[in-house]
Protein chains: 2
Amino acid sequence: MSTVTDSAAQPPAKLARMRSEDRRESILAAATEVFGDYGYVGATTAQVARAAGVSQPYVVRMFGTKEKLFLEVLLRALGLLLTSFRATLAEESDEPLSRRLGLAYVDLLQDRGLLLSLMHGFVLGSDPAIGETARCGFLEVYTFLREEAGYSADESQAFLASGMLVNTMIGIRMSDEYDSNPVAAELLTAAFPERLELALGSGAVDASTAPQK
Amino acid sequence: MSTVTDSAAQPPAKLARMRSEDRRESILAAATEVFGDYGYVGATTAQVARAAGVSQPYVVRMFGTKEKLFLEVLLRALGLLLTSFRATLAEESDEPLSRRLGLAYVDLLQDRGLLLSLMHGFVLGSDPAIGETARCGFLEVYTFLREEAGYSADESQAFLASGMLVNTMIGIRMSDEYDSNPVAAELLTAAFPERLELALGSGAVDASTAPQK
DNA sequence: GTCTATATGCGGATAGAC
DNA sequence: GTCTATCCGCATATAGAC
């Protein structure tokens, strides 16, 4: 009964080779989650590697340094954010723009870690490279609101402020308290004008990476 | 001429002994700045020690672990925040409450790192102890707004959102761009309804701790 | 109360095989 | 393209003197 499957005779199941571009994207996606959960300094390249299903040195090899990897994560996140906003702006709808952009923003929470990684970047202004990228990206979003979406300075402020509160609620994992704490539930409802369920879905850390560290 | 001052015969100038309470407070203040600049994971106990003018092991000895130190920093910051808010609420004034609370909030920026340390805590919900403290503290502020300040849920949301944007502008060091970038200047003006100068003052890292790391 | 010296573990990065 | 093995530095924490 030990030779049931001949497939067991294959060489040690190594990872299938992948086109560099695809592998790159899958590592970036994994890194986005990990950085979102633990922050730039707190996350390890080993965690990223595990989440991406590759070896730790390979992650470093592909991006040069952990910092460069994080910068790529930030740029990718900003790109996805602006792409989503521009698509929202282009589509025709009866809903007011502010509501549509708000929904688009909250929809980004489906890509776990995306807004959180950005938030971690925003708070690391003291790091030269990360700070520069973060400031630049934030200003790009502000410029989008002012020039493309046609918002006033005050409208932009209010929109960005709501966004930062959303990020904070996610980062602080306030959704953990939703069921047990009525105050938390009220706060969450106020923070997520619509699509509250999206906030509640992204509570815990993915089981595949969480316990190992 | 070698015995001009007998005081030179003293033992190697060690640090003056201090009452435990005072030393504790001075370390907490130093830690608040360092954690604000580099985050919980990024900051080292050696940096805190240097900023406080004591040895690294002493910092650990006094607080047990780095994590416990950070938790104390968070609790201290939350305490100062609520104390400031309650004082604002108690004072009589013709100004609308929302403006006065907003000013009180921005005034906290004078205690460098205070709001920033909080922000770092808010974004680390994945850490059990830190997350718990952060959620609890955030809810305490929300409860203050709702019950003591008499805000509605929506008013509270708007206030907290503005606060999170302020925190982000400080963390990202947007003020560095104020002079050279008109867009950044406009954004900052919108983010700080009043007391913009307080935001601009807290740009760089203290010279005594920055370069060493 | 405060320090110096140090053990220990962990994480980023490199070398080199396949 | 991807891995294994490993080096090295750094940061927390401990031991113990003063």
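Quantities reported herein were computed from a predicted structural model and do not represent experimental measurements. To find a chain, count down the sequence lines: A is the first, B the second, and so on, and within it residues start at 1.
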Problem set entry | B/Asp37 and B/Arg173: CA distance, side-chain angles, deciding distance, salt bridge (charged side-chain N to carboxylate O under 4.0 Å, His left out) verdict | CA-CA 10 Å; B/Asp37 280 332; B/Arg173 277 170 172 63; 2.8 Å; yes
Problem set entry | Qualifying residue, where the test is side-chain contact (heavy atoms from CB on, under 4.5 Å) with B/Thr32 and the options are B/Arg76, B/Arg112, B/Glu72 |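 Single pass found, and it is B/Arg76.
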Exercise. Of all of residues 57-71 of chain A, which get a heavy atom below 4.0 angstrom from DNA chain D, listed by number?
Worked result: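 Close to the strand are A/Pro57, A/Tyr58.
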For this session: Working to the nearest 0.5 Å, report the span between OG of A/Ser126 and CG of A/Leu124.
Result: 6.0 Å
Exercise. Just to confirm, is there a sub-4.0 Å distance from OP1 or OP2 of D/dT12 to any side-chain nitrogen or oxygen of B/Thr45?
Worked result: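 So the side chain of B/Thr45 is within the cut-off, an N or O lying under 4.0 Å from OP1 or OP2 of D/dT12.
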Exercise. On DNA chain D, nearest-nucleotide positions of A/Ser20 versus A/Gln56: which is more 5'?
Worked result: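 Result of the comparison: A/Ser20.
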Atom pair distance, as rounded to whole Å: [atom1] in [X] and [atom2] in [N]:
{"X": "A/Arg24", "N": "D/dG1", "atom1": "CZ", "atom2": "P", "result": "11 Å"}
{"X": "A/Arg50", "N": "D/dC3", "atom1": "CZ", "atom2": "P", "result": "14 Å"}
{"X": "A/Tyr38", "N": "C/dC10", "atom1": "OH", "atom2": "C1'", "result": "16 Å"}

For this session: Would you check if the side chain of A/Arg100 reaches a backbone N or O of A/Glu91 as a donor-acceptor pair within less than 3.5 Å?
Result: yes
Problem set entry | B/Phe85 and B/Tyr105 aromatic ring geometry - parallel, tilted or perpendicular at 30°/60° bounds |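 Rings of B/Tyr105 and B/Phe85: tilted, as their planes differ by 30° to 60°.
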Problem set entry | Which nucleotide in D/dA11, C/dT2, D/dC3 has an atom nearest any side-chain atom of A/Ser55 |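 That would be D/dC3.
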Problem set entry | Cation-aromatic face contact A/Lys66/A/Tyr40, 6.0 Å, 45 degrees | yes
